[in-house]
Participant: 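Please read through the structure below; I'll follow up with questions.
This structure is a prediction, so every number in the text was calculated from the model and none was measured.
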Amino acid sequence: MLDTPCLESRTLGALLGCRVFLKFENLQFTASFKERGALNKLAALLETGAAPKGVIAASAGNHAQGVAYHAQRLGLPAVIVMPTFTPGVKVERTRGFGAEIVLHGDSFDAAREHALRLAAERGLEFVHAFDDPLVIAGQGTIGLEMLRAQPEIDTLVVAIGGGGLIGGIATAVKAERPDVRLVGVQSVRFPGMYNAVKGTALPIGPGTIAEGIAVGEPGRLTRAIVERLVDDVVLVDEGDIEQAVVMLLEIEKTVVEGAGAAGLAAVLKEPARYAGRCVGLVLCGGNIDPLLLAAIIERGMVRAGRLARIRVGARDLPGHLARITAIVAEAGANVDEVHHQRAFSALAGQHVEIELVLQTRHHAHVDAVLAALRGAGFDAQRY
């Protein structure tokens with residue numbers, strides 16, 4: 001298990017108006033912080049002989065990999081129950097560590113209930129993903145490493161699913177530095193801890209790109225820690241998380257999953273809240289499905305105005321398409337896709353609607369391309 005780097009991002013700091021320190025837990029062997037708590041728990045079980053028939057866990061992927069990897073290292077049989085929506089990259093990686101994989105349920109809670117039934121039937125020791133003192137303690141080592149590496153940190157912004165990560169960090173950090181401010185972050189689609197500590201009843205589901213923190217019901221132990229030690233819990237939406245994933249990839253050249261970007265998403269959403277502070281963010285996981293990452297990148301390019309879709313109306317005559325693409329090229333844009341719409345168009349007969357997907361520099365550049373087309377007599381609109 002690595003003492004992962006905790007480094008300052010000067011670029012993100014300049015953009016956000018605060019100093020930003022990133023803890024690269026996505027560099028662990030299983031690409032997630034989860035193996036800290038898993039190793040701590042399994043080592044204790046091995047020492048006491050409490051799991052003679054092996055262990056079982058329920059996880060959306062990262063806890064699964066942590067348990068499977070260290071169980072294999074320690075010679076313990078492992079069964080992992082995973083929700084059916086778990087990304088294939090996490091399922092296959094977990095299976096590669098020698099664990100028996102059971103896919104069950106459309107939520108973490110359903111998978112956990114099934115795992116508990118299997119534990120009773122087979123005599124396996126259940127390793128909880130977050131609501132276990134030894135697991136919580138293992139995760140807390142992250143906070144201690146961050147303070148040791150960057151003692152000027154005065155704020156920590158940490159993703160919350162069931163609460164094991166922030167519970168461990170809050171316990172360890174507040175014991176050493178009670179002045180450090182702790183902010184928890186949840187997806188607006190899975191606000192279980194937020195509801196618990198704020199007394200709200202926001203709906204749960206249906207899904208989120210941050211599946212690693214898609215937990216409906218927080219733990220009993222972790223909820224008590226959050227209520228006692230965490231200063232605030234905030235919510236971020238899918239767009240915030242997507243933007244954070246793209247920024248970390250583009251600026252820091254590091255791949256994170258949705259949950260791993262939640263902390264940065266919170267700072268992006270409310271930069272004034274963190275202005276002038278020294279903010280520590282935990283990049284808690286990097287196990288993202290490649291197809292999802294590709295989709296997030298493309299959507300990020302659209303939001304930034306670097307990928308645009310426009311509609312151009314023209315006479316359906318030879319040479320008009322060549323003229324349109326020449327104008328686009330002269331304006332400095334590149335054509336990515338072209339679609340002709342004759343039947344599915346409200347234009348008059350003998351006219352065609354041409355859809356173009358363009359690679360551009362920013363939103364102002366898209367406007368300049370549209371202005372050039374209109375100046376040449378074409379009816380051009382942004383989709």
Side-chain angles (χ1 to χ4, degrees), residues 30-32 34 38 55-68 78-95 99-122 124 126-132 135 159-165 185-196 200-220 222-223 235-242 245 257-262 284-285 287-296 299:
T30 61
S32 166
K34 286 284 192 175
V55 296
I56 187 169
S59 168
N62 289 333
H63 178 62
Q65 291 185 55
V67 171
V79 178
I80 308 296
V81 182
M82 310 178 87
T84 55
F85 62 77
T86 304
V89 64
K90 295 184 179 181
V91 175
E92 292 309 313
R93 187 84 184 273
T94 306
R95 185 176 282 117
E100 176 188 343
I101 306 299
V102 178
L103 296 175
H104 181 89
D106 59 0
S107 69
F108 168 78
D109 300 293
R112 180 178 58 193
E113 291 304 311
H114 189 64
L116 289 170
R117 286 194 295 271
L118 290 178
E121 291 171 6
R122 302 192 191 182
L124 302 171
F126 182 70
V127 180
H128 203 290
F130 48 83
D131 211 30
D132 181 292
V135 172
I160 301 179
L165 176 60
V185 185
Q186 288 204 288
S187 163
V188 71
R189 298 191 178 187
F190 280 86
M193 187 69 79
Y194 183 92
N195 283 340
T200 55
L202 298 176
I204 302 293
T208 172
I209 61 168
E211 80 285 337
I213 53 173
V215 179
E217 185 68 30
R220 178 181 55 84
T222 56
R223 174 179 174 174
L235 300 176
V236 293
D237 62 30
E238 298 296 284
D240 299 324
I241 297 171
E242 288 186 16
V245 169
E257 59 191 89
C284 56
N287 290 307
I288 187 169
D289 186 277
L291 293 176
L292 174 59
L293 179 60
I296 289 173
R299 286 158 62 94

Participant: Restricting to non-hydrogen atoms, name the atom on A58 and the atom on A129 that form the minimum distance, rounded to 0.1 Å.
Facilitator: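 Heavy atoms only, the tightest pair is O-CB, 3.9 Å.
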Participant: In Å, rounded to the nearest 0.5 Å, how long is the span from CD1 of I241 to CZ of R189?
Facilitator: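 Output value for this atom pair is 9.0 Å.
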Participant: Check whether any side-chain N or O of K34 sits under 3.5 Å from a backbone N or O of V67 as a donor-acceptor pair, and report yes or no.
Facilitator: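 Here the side-chain-to-backbone pair does not exist.
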Participant: Minimum heavy-atom separation for N287 and A31, please, with both atom names.
Facilitator: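 Looking at all heavy atoms of both residues, the shortest contact is OD1-CB, 3.5 Å.
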Participant: Restricting to non-hydrogen atoms, name the atom on A196 and the atom on P218 that form the minimum distance, rounded to 0.1 Å.
Facilitator: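 Looks like CB-CG, 4.1 Å.
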Participant: Tell me, please, which residues at least two apart from R122 pass salt bridge (charged side-chain N to carboxylate O under 4.0 Å, His left out).
Facilitator: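 Only E100 meet the salt bridge (charged side-chain N to carboxylate O under 4.0 Å, His left out) criterion with R122.
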Participant: Is there a donor-acceptor pair under 3.5 Å between the side chain of D240 and the backbone N or O of D237?
Facilitator: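 Pair found, side chain donor or acceptor close to backbone of D237.
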Participant: I need the minimum non-hydrogen distance between T94 and M82, along with the two atoms involved.
Facilitator: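 Of all heavy-atom pairs spanning T94 and M82, the closest is OG1-CE, 3.9 Å.
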Participant: Do H63 side-chain atoms and V127 backbone N/O form a donor-acceptor pair below 3.5 Å?
Facilitator: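 Answer holds: yes.
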Participant: Taking side chain to side chain donor-acceptor pair (under 3.5 Å) as the test, write out the residues that go with E242, two or more places apart.
Facilitator: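 Partners of E242 by the side chain to side chain donor-acceptor pair (under 3.5 Å) criterion, ordered by chain and then number, come out as R299, R303.
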Participant: Is there side-chain contact between R220 and D131, with at least one heavy-atom pair below 4.5 Å?
Facilitator: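 Side chain of R220 against side chain of D131, heavy atoms only: contact under 4.5 Å found.
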Participant: Check whether any side-chain heavy atom of T222 sits under 4.5 Å from a side-chain heavy atom of M193, and report yes or no.
Facilitator: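 Contact flag for T222/M193 side chains = yes.
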Participant: Among all residues two or more places apart in sequence or in another chain, which pass the side chain to side chain donor-acceptor pair (under 3.5 Å) test with T30?
Facilitator: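 Partners of T30 under the side chain to side chain donor-acceptor pair (under 3.5 Å) test: E35.
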Participant: Residues in ring pair (Phe, Tyr, Trp, His ring centres under 6.0 Å) with F130, at least two apart?
Facilitator: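 With sequence neighbours excluded, F130 shows a ring pair (Phe, Tyr, Trp, His ring centres under 6.0 Å) to F108, H128, given in chain and number order.
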Participant: At their closest point, which heavy atom of I213 faces which heavy atom of A259, and how far apart are they?
Facilitator: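 Answer, listing the atom of I213 first, then A259: CG2-CB, 3.8 Å.
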Participant: List for me each residue that meets side chain to side chain donor-acceptor pair (under 3.5 Å) alongside E92, sequence neighbours excluded, and say none if there are none.
Facilitator: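 Listed in chain order: R95.
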Participant: How long is the straight-line distance from CG of L118 back to CD1 of I56, given to the nearest 0.5 Å?
Facilitator: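 Interatomic distance, I56 CD1 to L118 CG, rounded to 0.5 Å: 4.5 Å.
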Participant: Say whether, by atom type as modelled, one donor and one acceptor occur between the side chain of T84 and the main chain of H104 under 3.5 angstrom.
Facilitator: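 Checked: no pair found.
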Participant: For the pair D106 (side chain) and F85 (backbone), establish whether a donor and an acceptor sit closer than 3.5 Å, ignoring hydrogens and angles.
Facilitator: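 Checking the backbone N and O of F85 against the side chain of D106, no donor-acceptor pair under 3.5 Å is found.
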Participant: Nearest 0.5 Å please: distance from the CG atom of L165 over to the CG atom of N62.
Facilitator: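 CG of N62 is found 11.0 Å from CG of L165.
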Participant: Hey, what do you get for OH (Y194) to OG1 (T200), rounding to the nearest 0.5 Å?
Facilitator: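 The OG1 atom of T200 is 5.5 Å from OH of Y194, to the nearest 0.5 Å.
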Participant: Listed by chain and number, what are the salt bridge (charged side-chain N to carboxylate O under 4.0 Å, His left out) partners of R223, not counting sequence neighbours?
Facilitator: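 Scan of R223 (salt bridge (charged side-chain N to carboxylate O under 4.0 Å, His left out), adjacent residues dropped) gives E227.
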Participant: For residues P83 and L103, report the shortest heavy-atom separation together with the two atoms involved.
Facilitator: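 Smallest heavy-atom distance, with atoms named: O-CD2, 4.0 Å.
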Participant: Could you state the interatomic distance from CD1 (I209) to CG (D289), rounded to the nearest 0.5 Å?
Facilitator: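 The CG atom of D289 is 12.0 Å from CD1 of I209, to the nearest 0.5 Å.
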Participant: What distance do I80 atom CD1 and Q65 atom CD have between them, rounded to the nearest 0.5 Å?
Facilitator: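 Here the interatomic distance stands at 10.0 Å.
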